[in-house]
2 protein chains.
Amino acid sequence: MTDVFRNRPGYALRRAANAMMAELARRLATIDLRIAEASVLLLVNDRLDVTASEIGRTLDIQRANMVPLLGRLEDAGLIERRPIDGKSQAVLLTTKGQTRRAEADAITDTFEDELLQRIAPEHRDHLVPALGALWRAD
Amino acid sequence: MTDVFRNRPGYALRRAANAMMAELARRLATIDLRIAEASVLLLVNDRLDVTASEIGRTLDIQRANMVPLLGRLEDAGLIERRPIDGKSQAVLLTTKGQTRRAEADAITDTFEDELLQRIAPEHRDHLVPALGALWRAD
DNA sequence: ATGAGAATGCTATTGTCAATAACTATCCTG
DNA sequence: CAGGATAGTTATTGACAATAGCATTCTCAT
């Protein structure tokens with residue numbers, strides 16, 4: 001079948017993202033994390049007083065979708081919620097969460113290294129800037 | 001918040017694909033098509049005797065998921081199914097389907113042009129090859 | 001020519017991520 | 001202190017994808 005879509009940036013983007021996410025999901029499943037959960041863990045460690053809504057804004061996850069996400073992480077004993085004031089709550093990693101975060105970090109790091117290795121050297125360094133332009137324009 | 005993910009190819013890929021698909025979905029909605037439906041329409045016109053399973057293989061859509069997809073296109077009067085033998089069936093565009101396909105083609109073409117325009121010239125030509133390497137490796 | 005295995009189409013269900021709307025309670029600011 | 005913004009929540013929906021299982025038909029090697 002003629003590869004009608006070979007040169008279509010939109011289609012290539014969709015397929016590449018799909019393949020990438022499928023593989024990453026498979027790898028993260030070995031430590032019982034979904035992609036969205038792992039990204040939250042990776043983010044949280046960076047600060048000590050991150051609120052749920054702040055995480056949502058950074059990762060572009062709607063407040064409504066943060067609720068079950070954080071709920072699962074809490075049920076798994078990976079995060080704790082601590083009230084900041086009557087309205088906001090800080091999200092922080094438990095000891096178990098820190099361990100899991102380190103594992104997730106290792107998995108995603110090696111995965112992304114491998115991803116880049118698949119790209120011909122002359123294209124490699126252009127990928128992230130090009131993607132950045134697409135994502136931040138929306 | 002520190003942008004922990006700024007330089008992560010996996011994350012950038014996910015976000016870019018997401019933003020792209022959201023916008024494309026919005027544009028295709030004006031002609032009552034989902035992204036997956038549009039890609040089938042675009043593909044079908046290219047040949048006259050494409051079978052459902054062949055479409056699925058090309059677009060990486062599982063047989064099980066092709067069923068409702070083609071069902072919707074048929075309900076909308078855009079495609080017809082014609083038995084090839086007792087087992088396979090050809091998918092072909094109705095007149096209405098050809099018109100719709102042309103509209104979808106126009107929308108996706110200008111959309112993808114605009115996408116590329118958002119990327120700095122020095123990165124632009126590297127995007128599709130880089131994505132291709134990621135998608136075809138999986 | 002036939003019998004085994006592959007291919008096709010289908011049903012039904014599940015999962016992941018995301019979007020929307022509506023609600024409550026709290027906060028911040030003028 | 002009143003009004004509007006913000007935080008968290010509930011519930012529902014949608015799009016795309018994956019899995020398992022089933023019936024029929026085709027194909028190919030013996």
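First the proteins, then the strands, lettered A, B, ... as listed; each starts at 1.
In this structure, the side chains of Asp105(B) and Leu42(B) come closer than 4.5 Å at one or more pairs of heavy atoms.
Taking only side-chain nitrogens and oxygens, Arg57(A) never comes nearer than 4.0 Å to OP1 or OP2 of dT6(D). Within the 4.0 Å cut-off from OP1 or OP2 of dA18(C), at least one side-chain nitrogen or oxygen of Asn18(B) is found. Side-chain N/O atoms of Arg15(B) include none lying less than 4.0 angstrom from OP1 or OP2 on dA18(C). For Gln62(A) and dT13(D), the shortest distance from a side-chain N or O to OP1 or OP2 is not below 4.0 Å. Proximity of Arg14(A) to the phosphate of dA17(D): a side-chain N or O atom is located under 4.0 Å from OP1 or OP2. In terms of phosphate contacts, Asn65(A) brings no side-chain nitrogen or oxygen within less than 4.0 Å of OP1 or OP2 of dA19(C). Taking only side-chain nitrogens and oxygens, Arg26(B) never comes nearer than 4.0 Å to OP1 or OP2 of dA15(D).
Between the C1' atom of dT8(C) and the CG atom of Asp49(B) lies a distance of 16 Å, rounded to the nearest Å. When the P atom of dA18(C) is taken as reference, atom CZ of Arg34(A) falls 11 Å away, rounded to whole Å. Summarising the geometry, the separation between CD on Gln89(B) and P on dC10(C) is reported as 5 Å, rounded to the nearest angstrom. Distance, Arg81(A) CZ to dG8(D) P: 9 Å, rounded to whole Å. If you measure from atom CD of Glu23(A) to atom C1' of dA18(D), you get 17 Å, rounded to the nearest angstrom. Per the geometry, CE belonging to Met21(B) stands 7 Å off C1' belonging to dC16(D), to the nearest Å. In this entry the distance linking CH2 of Trp135(A) with P of dA18(C) reads 12 Å, nearest Å. Remark: P of dC16(D) and CG of Leu28(B) are 10 Å apart, rounded to the nearest angstrom.
Distance CE/Met21(B) to CD/Glu23(B): 12.5 Å, rounded to 0.5 Å. For the atom pair Asp125(A) CG and His126(B) NE2, the distance stands at 9.5 Å (nearest 0.5 Å).
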Worksheet item: Once each nucleotide of nucleotides 21-26 of chain C is scored for protein heavy atoms under 4.0 Å, what B/S/- sequence comes out, 5' to 3'?
Response: B----B
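Across all their heavy atoms, Leu134(B) and Ala19(A) have their closest contact at O-CB, 4.4 Å. The heavy-atom pair separating Ala90(B) from Ile84(B) by the smallest distance is N-CG1, 3.6 Å.
Among the nucleotides dC10(C), dG9(C), dA18(D), the one closest to the side chain of Ser53(B) is dG9(C).
As judged by a 4.0 angstrom heavy-atom cut-off over every strand, Arg72(B) is placed among residues making no nucleic acid contact.
Partner of Tyr11(A) under the side chain to side chain donor-acceptor pair (under 3.5 Å) criterion, out of Arg15(A), Arg14(A), Arg8(A): Arg15(A) alone.
The pair Glu114(B)-Arg27(B) counts as a salt bridge, with a side-chain nitrogen and a carboxylate oxygen less than 4.0 angstrom apart.
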